[in-house]
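What you see is a predicted model; the values in this text were computed from it and never measured.
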Amino acid sequence: MNRTNPLNNPESGDIKPKQKRKRTKVVRRTSNANKLKKPTGRTQPGRLRRKILLTGIELLGLGIAAFCAIIMLLGYSASRFSGTNFFVNLLPFTAGILGLILAASLFLIGWWKLRKWLQLHSELLTPGLSLALALLISWLVTHDQFTLTYGHFRTLVGGKEEAGRVTIAHQVYAAYRRHDAAQLQKMVNRSQEYRRAIEDAARSFNIDVNLLHGIAATESSFIPRDSSDGGKGLFQITRVPETVIAQTRKQLGTEKIALDNSRHNAFVAAATFKHYLAEMKGDLFLGLLAYNIGPANGGLRFIMQQYGAVDFTTIQPYLQTLPRDYPIRVLSYSLAFRLWHQEGKLLAYEEGNNAIHIQRIGIPGLHTVW
């Protein structure tokens, strides 16, 4: 007897179609953590710029600290071992230079190891520490003791030229010290009437205003007058080159120059000094001396060529009848005006620590100590 499956029997009315198997889709999900790890084009340049910036700050701080430290150590060594004896001066100074190189090498090695340790904690620690070191060194620079050290360093590097400049500069400081304080204060008070004219003239010809004050103080003590030698007005103007008059007319915007007008007088003086300063190739002492001598005896340039002099120090012995101390007097008055403008008073050179402080402020027209 054959048994028929009713599901497969076509004669049966209960035939059911075959059911299709459902395919389950496998969805692979990627975790958010893996997505975040994938670098993007935007984050990489940002991190690179940040790293470059922090490295630049670190190098800047270390550079400032190294620059100031080298000046201080070399300046101190130049002062401590000054002299020409081989065993007492030259050999110890050379040993000091070798010691400085060794100390710098050890510092760099130590910094590199410290840098690796700091980077493990925060990338901001290294540039922060270098800036702190630079600020500490910069704070030491502001002290008067550094002024002396830096002066020795300049003498070491500048050689004969710097030594001569320092010698003459101390003549200016000595002249300032010898001034009667009461008389000097009266002169400063008298100058206030002409301050605006002198400031405008200095600005027009790009000259230190304190220098123009010093010239006026030396020439007329701020009492304008006509002198017996032909000098006129506030700056005792005599003969000046025609190019100076042309420059003055242009700056003042006028065709006629009146030397009895203090403003005109100041502009002529500024243009004249600028002319002679350029003729002396920027040498302040020679420029002032040339301004005072003027065209007499062929002018300073001819006098220097006649005697073979090359600077202010070598020309002084030949100026027997000419005012070789004129630049010293002008600069001592200029120093007084600079102190008055910056400090609000005239400092006594010999009191307390004023001498070093005044030297740090510097003589107008000369390079300051820092």
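- Met304 and Phe302 are assigned to two separate hydrophobic clusters, defined by single-linkage of ILVMFWY side chains at heavy-atom distances under 4.5 Å.
- A donor-acceptor pair under 3.5 Å is formed between the side chain of Ser191 and the backbone N or O of Val188.
- Under the ring pair (Phe, Tyr, Trp, His ring centres under 6.0 Å) criterion, Phe222 pairs with Phe337, sequence neighbours left out.
- Side chain of Ser221 to backbone of Ile223: no donor-acceptor contact under 3.5 angstrom is found.
- The backbone N or O of Arg225 sits less than 3.5 Å from a side-chain atom of Gln236, completing a donor-acceptor pair.
- Chaining together hydrophobic side chains whose heavy atoms lie under 4.5 Å apart places Leu125 alongside Leu62, Phe107, Leu108, Trp111, Leu114, Trp117, Leu118, Leu129, Leu133.
- The ring pair (Phe, Tyr, Trp, His ring centres under 6.0 Å) search around Phe93 returns none, not counting sequence neighbours.
- For the pair Arg239 (side chain) and Pro295 (backbone), a donor-acceptor distance under 3.5 Å is absent.
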(request) Any chance you could lay out the side chain to side chain donor-acceptor pair (under 3.5 Å) test for Asn189 and Gln185, step after step, and finish with the verdict? (result) CA-CA 6 Å; Asn189 295 338; Gln185 185 62 57; 3.1 Å; yes
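- Judged by distance alone, the side chain of Arg249 and the main-chain N or O of Ile257 form no donor-acceptor pair under 3.5 Å.
- Leu300 is not listed as a side-chain neighbour of Tyr276, based on a closest heavy-atom distance of 4.5 Å or more.
- Inter-residue side-chain proximity for Val240 and His275 is flagged as unmet; no heavy-atom pair is nearer than 4.5 Å.
- Side-chain contact between Leu277 and Asp283: absent, with no pair of heavy atoms (C-beta onward) separated by less than 4.5 Å.
- Checked against ring pair (Phe, Tyr, Trp, His ring centres under 6.0 Å), His264 has no partners two or more places apart in sequence or in another chain.
- Ile245 and Ile237 fall within the same hydrophobic cluster, defined by Ile, Leu, Val, Met, Phe, Trp and Tyr side-chain heavy atoms under 4.5 Å apart, directly or through other members.
- The minimum heavy-atom distance between Ala202 and Asp208, with the atom names listed, is CB-C, 4.4 Å.
- Side-chain contact annotation: Tyr326 with Glu219, donor-acceptor N/O pair under 3.5 Å present.
- Under a 3.5 Å cut-off, the side chain of Asn265 and the backbone N or O of Leu259 do form a donor-acceptor pair.
- Here the side chain of Arg338 pairs a donor or acceptor atom with the backbone of Gly362 at under 3.5 angstrom.
- Within the structure, salt bridge (Lys or Arg N to Asp or Glu O under 4.0 Å) contacts touching residues 58-75 (residues at least two apart or in different chains) are Glu58-Arg115.
- When all heavy atoms of Thr248 and Ala271 are compared, the pair lying nearest together is OG1-CB, 3.7 Å.
- Outside the 6.0 Å centre-distance limit, the rings of Tyr194 and His213 are not counted as a close aromatic pair.
- In this structure Tyr349 satisfies the side-chain hydrogen bond (donor to acceptor under 3.5 Å, both in side chains) test together with Gln359, sequence neighbours excluded.
- Judged by distance alone, the side chain of Thr314 and the main-chain N or O of Ala309 form no donor-acceptor pair under 3.5 Å.
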